[in-house]
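As the structure is a prediction and not an experimental result, all values here were calculated from the model. These numbers come from the heavy atoms of this one structure, side chains and all, not from hydrogens, waters or symmetry mates.
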Amino acid sequence: MIDPIDSLAFSIQANRGVYALLIGSGVSRSAQIPTGWDITLDLIRKLAAAAGESAEPDPEEWYREKYEEDPDYSKLVGTLAKARAERQKLLHPYIEPNDQERGEGIKQPTAAHKAIAWLVAQGFVRVIITTNFDRLIEKALEETGVEPVVISSEDQIQGMVPLVHTQHCLIKLHGDYLDPRIRNTPSELSEYPDEFNQLLDRIFDEFGLIVCGWSAEWDAALRDAMFRAPSRRFTTYWAAYGQPRGEAQRLISHRQAQVIDIQDADRFFQNVQEKVESIEQFSQPHPLSTQAAVASLKRYLPEPRYEIRLSDLIEESVTRVVESVSTPFFDVNSPEPNTETVTERVRAYEAACSTLLAMAATGGRWAKEAHYDNWRRILERLATVPHLDGQLMWLGLQRYPATLVLYALGLGALSTDRLHFLGHILSTEIQTNDETKAVSHLLTPNGVFKGFHLVFNSPREVMQILEGMKDRHTPLSDWIHEAMRQHIGNTAYNSEQFDSLFDKLEILMALSYAYHDDKKAEPWYRYWTPLGRYVWRFQTKERILREIEESISTHQHESLYVTSDLFGETPEECAVAVQQFREFVVGAAQSMRIYW
């Protein structure tokens with residue numbers, strides 16, 4: 001069985017910025033930082049000494065009898081130190097190290113804080129939620145050159161940049177030790193201001209979660225926020241020493257969290273850092289190798305005299321992919337498919353293809369007719385699966401590299417309106433086993449399991465096994481969108497441009513699928529085509545379809561959508577195809593209960 005910490009490391013590495021951390025006092029324990037309650041009790045002892053009394057053996061009870069009220073950190077600090085400067089002097093010895101403590105490494109960022117700072121600096125983690133009011137995480141981040149947006153009160157939330165635009169955000173739920181509004185007592189922890197609740201609701205809904213050092217026993221408002229989360233888009237990992245109990249166990253059950261048994265926070269986060277770093281180094285080819293391959297491709301593409309070199313370069317790249325995916329790691333008989341093993345293998349396929357994907361995107365962008373056969377041969381080679389017997393999941397995924405390359409070629413081609421190249425590629429017929437199928441049928445997401453998926457209810461349900469895809473309407477389309485964005489979209493396009501380009505490609509793939517469906521001639525035939533993520537992106541879908549319709553209506557036989565033979569040979573045939581597609585998608589969306 002795969003170690004949960006290995007699964008966590010793979011998830012962090014492959015989903016950069018998707019996971020948020022929730023850390024509690026257990027992460028600062030080895031730094032010997034007192035909790036807010038520890039400080040409160042010590043201040044009571046000093047208050048008693050100043051009055052010539054002793055608060056022992058129960059400082060809390062002494063305070064209650066003396067002042068006829070429960071001790072409250074905020075009120076006590078505010079009473080003993082009126083001005084901000086005075087509060088800083090009062091609390092400084094509890095939080096900041098003196099020379100001796102500094103020499104002994106006490107009250108300094110721990111190994112856990114430093115490992116977290118590395119994850120943040122490398123972009124793997126963007127959001128940290130903490131119940132601690134010390135400044136150890138800030139210090140660790142500063143040492144790595146990171147200046148996070150720090151939120152410790154509701155007024156700071158009102159002016160904060162939206163999370164999607166925030167590179168590094170530290171949310172101190174209980175406040176900062178220099179702010180008298182710190183939350184410490186049960187009543188203070190039972191309810192958060194609306195601003196904090198709204199922010200937490202977004203994070204727990206939109207991010208994966210890694211919990212460490214938090215018992216969940218005292219923070220009622222934080223527990224409520226986690227229970228409110230309407231969905232679990234990504235896995236929750238809960239690192240704990242020993243078996244979680246009580247409220248922690250309730251939350252683990254509610255979020256279907258993966259529990260990781262740890263010895264302490266320092267070793268846990270160090271282990272995570274080391275594993276993520278190792279996977280990152282293994283998964284990505286040397287940057288110069290990808291850059292050099294793309295640079296060579298760009299040099300060869302415009303020159304007919306480099307035709308042989310171009311062909312050899314592409315063939316060498318696909319050979320490396322074939323060799324990489326022929327290792328024992330990609331055995332089609334084991335391990336047992338589950339969320340962890342399927343997700344791990346899909347990511348391994350993506351890593352093996354990373355250089356070829358960059359080349360394919362460039363090749364599609366500048367494709368000329370003389371280059372068509374090069375890319376057709378590549379798709380044929382990758383689509384020809386070497387194994388026909390084994391676990392059905394692993395057998396189907398053998399075509400996943402070919403699907404990735406198809407998307408990279410298509411996105412590149414669409415970015416420069418090379419619709420003729422896209423039409424040629426999608427209509428290319430590939431011989432597989434005992435049948436011949438067009439690329440639009442064989443390598444689009446619905447076709448990955450062509451010939452293997454019949455024992456499953458649908459390809460959609462099959463790929464909901466991927467991590468974070470359980471409740472997705474278009475799981476493999478969503479997954480490939482993120483994979484393509486990471487491999488070829490981050491530098492070439494802004495987010496909106498890439499999303500629109502991706503939706504347009506999948507719409508044209510779907511139109512081509514229906515056009516090349518060999519069942520159209522059957523009397524029982526009803527229009528059908530695979531759905532992509534555009535099905536729930538209504539406005540974008542409609543804008544793209546109107547653009548296609550306007551081109552056909554205005555330019556008729558000269559429209560690129562007609563001359564490319566993507567989904568029809570005449571303007572009339574193409575217009576009918578678009579209308580059938582629109583009606584089908586609306587009906588399919590309603591059956592999937594997607595409404596706008």
Between [X] and [Y], do the side chains contain an N or O donor and an N or O acceptor separated by less than 3.5 Å?
X      : Y      : result
Thr540 : Ser500 : no
Tyr300 : Glu307 : no
Trp118 : Thr144 : no
Ser477 : Arg533 : no
Arg381 : Thr319 : yes
Asp517 : Tyr527 : no
Glu547 : Tyr561 : yes
Thr563 : His420 : yes
Glu350 : Trp479 : yes

Is a side-chain N or O of [X] found less than 3.5 angstrom from the main chain of [Y], in a donor-acceptor match?
X      : Y      : answer
Asn338 : Thr341 : yes
Thr416 : Arg365 : yes
Gln398 : Leu395 : yes
Thr327 : Ser324 : yes
Ser415 : Gly412 : yes
Arg16  : Gly123 : no
Thr339 : Leu466 : no
His487 : Ala358 : no
Ser326 : Val322 : yes
Thr529 : Ala510 : yes

Using the side chain to side chain contact (heavy atoms under 4.5 Å, CB included) rule, take Tyr515 and Asp565 through it: C-alpha gap first, then chi angles, then the decisive distance, then the call.
CA-CA 9 Å; Tyr515 179 52; Asp565 197 25; 2.7 Å; yes
Distance (rounded to the nearest 0.5 Å) between [X] [atom1] and [Y] [atom2]:
X      : Y      : atom1 : atom2 : value
His516 : Leu442 : NE2   : CG    : 13.0 Å
Asn374 : Ile314 : CG    : CD1   : 4.5 Å
Leu422 : Leu566 : CG    : CG    : 5.0 Å
Phe124 : Ile116 : CZ    : CD1   : 15.0 Å
Ser354 : Gln486 : OG    : CD    : 11.5 Å
Ile425 : Arg376 : CD1   : CZ    : 8.5 Å

Looking only at non-hydrogen atoms, find the nearest pair between [X] and [Y] and report the distance.
X      : Y      : answer
Arg582 : Leu545 : NH2-CB, 3.5 Å
Ala293 : Leu313 : O-CD2, 3.7 Å
Met393 : Val342 : CG-CG2, 3.9 Å
Leu419 : Ser564 : O-CB, 3.4 Å

task = Please check if atom CD in Glu558 has more than 12 non-hydrogen atoms from other residues, nucleotides or ligands closer than 6.0 Å.
result =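 No, CD of Glu558 has 12 or fewer neighbouring heavy atoms, counting only those of other groups under 6.0 Å.
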Review point. Is it true that atom CZ of Arg309 has more than 12 heavy atoms of other residues, nucleotides or ligands lying nearer than 6.0 Å?
Key: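 At most 12 heavy atoms, drawn from other residues, nucleotides or ligands, come within 6.0 Å of this atom.
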Is it true that [X] and [Y] make a salt bridge, defined as a side-chain N closer than 4.0 Å to a carboxylate O?
X      : Y      : value
Arg546 : Glu549 : no
Asp503 : Lys541 : no
Glu315 : Arg377 : yes

Residues Trp536, Thr474; criterion side chain to side chain donor-acceptor pair (under 3.5 Å); working and verdict: CA-CA 9 Å; Trp536 46 266; Thr474 54; 3.2 Å; yes
- Task: Check the pair Phe207 / Val18 against side chain to side chain contact (heavy atoms under 4.5 Å, CB included), numbers first and verdict last.
- Result: CA-CA 5 Å; Phe207 288 77; Val18 163; 5.7 Å; no
* Report the C-alpha distance between Met484 and Leu357 in whole Å, list the side-chain angles of each, state the deciding distance to 0.1 Å, and finish with yes or no for side chain to side chain contact (heavy atoms under 4.5 Å, CB included). => CA-CA 8 Å; Met484 288 294 105; Leu357 294 181; 3.8 Å; yes
Quiz item: Can the ring centres of His481 and Phe498 be said to be less than 6.0 Å apart?
Solution: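 Yes, they do, as the ring centres are separated by less than 6.0 Å.
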Angle between ring planes, [X] versus [Y], binned at 30° and 60°: parallel, tilted or perpendicular?
X      : Y      : value
Tyr19  : Tyr237 : tilted
Tyr349 : Phe330 : tilted
Phe581 : Tyr534 : tilted

Practice prompt. Report the C-alpha distance between Tyr372 and Phe421 in whole Å, list the side-chain angles of each, state the deciding distance to 0.1 Å, and finish with yes or no for ring pair (Phe, Tyr, Trp, His ring centres under 6.0 Å).
Written response: CA-CA 7 Å; Tyr372 288 9; Phe421 173 59; 5.1 Å; yes
So which of Leu443, Thr403, Leu356, Leu406 actually passes side chain to side chain contact (heavy atoms under 4.5 Å, CB included) with Leu382?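 Answer to the side chain to side chain contact (heavy atoms under 4.5 Å, CB included) test with Leu382 among Leu443, Thr403, Leu356, Leu406: Leu356.
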Review point. Is there a side chain to side chain contact (heavy atoms under 4.5 Å, CB included) between Tyr400 and Leu476 once you walk through the steps?
Key: CA-CA 10 Å; Tyr400 186 56; Leu476 191 52; 4.3 Å; yes
Apply side chain to side chain donor-acceptor pair (under 3.5 Å) to Thr235 and Gln258, showing your working. CA-CA 7 Å; Thr235 305; Gln258 174 72 64; over 6 Å; no
Using the rule side chain to side chain donor-acceptor pair (under 3.5 Å), only one of Glu344, Glu467, Glu340 pairs with Ser11; which is it?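 When Glu344, Glu467, Glu340 are each tested with Ser11, the side chain to side chain donor-acceptor pair (under 3.5 Å) holds only for Glu467.
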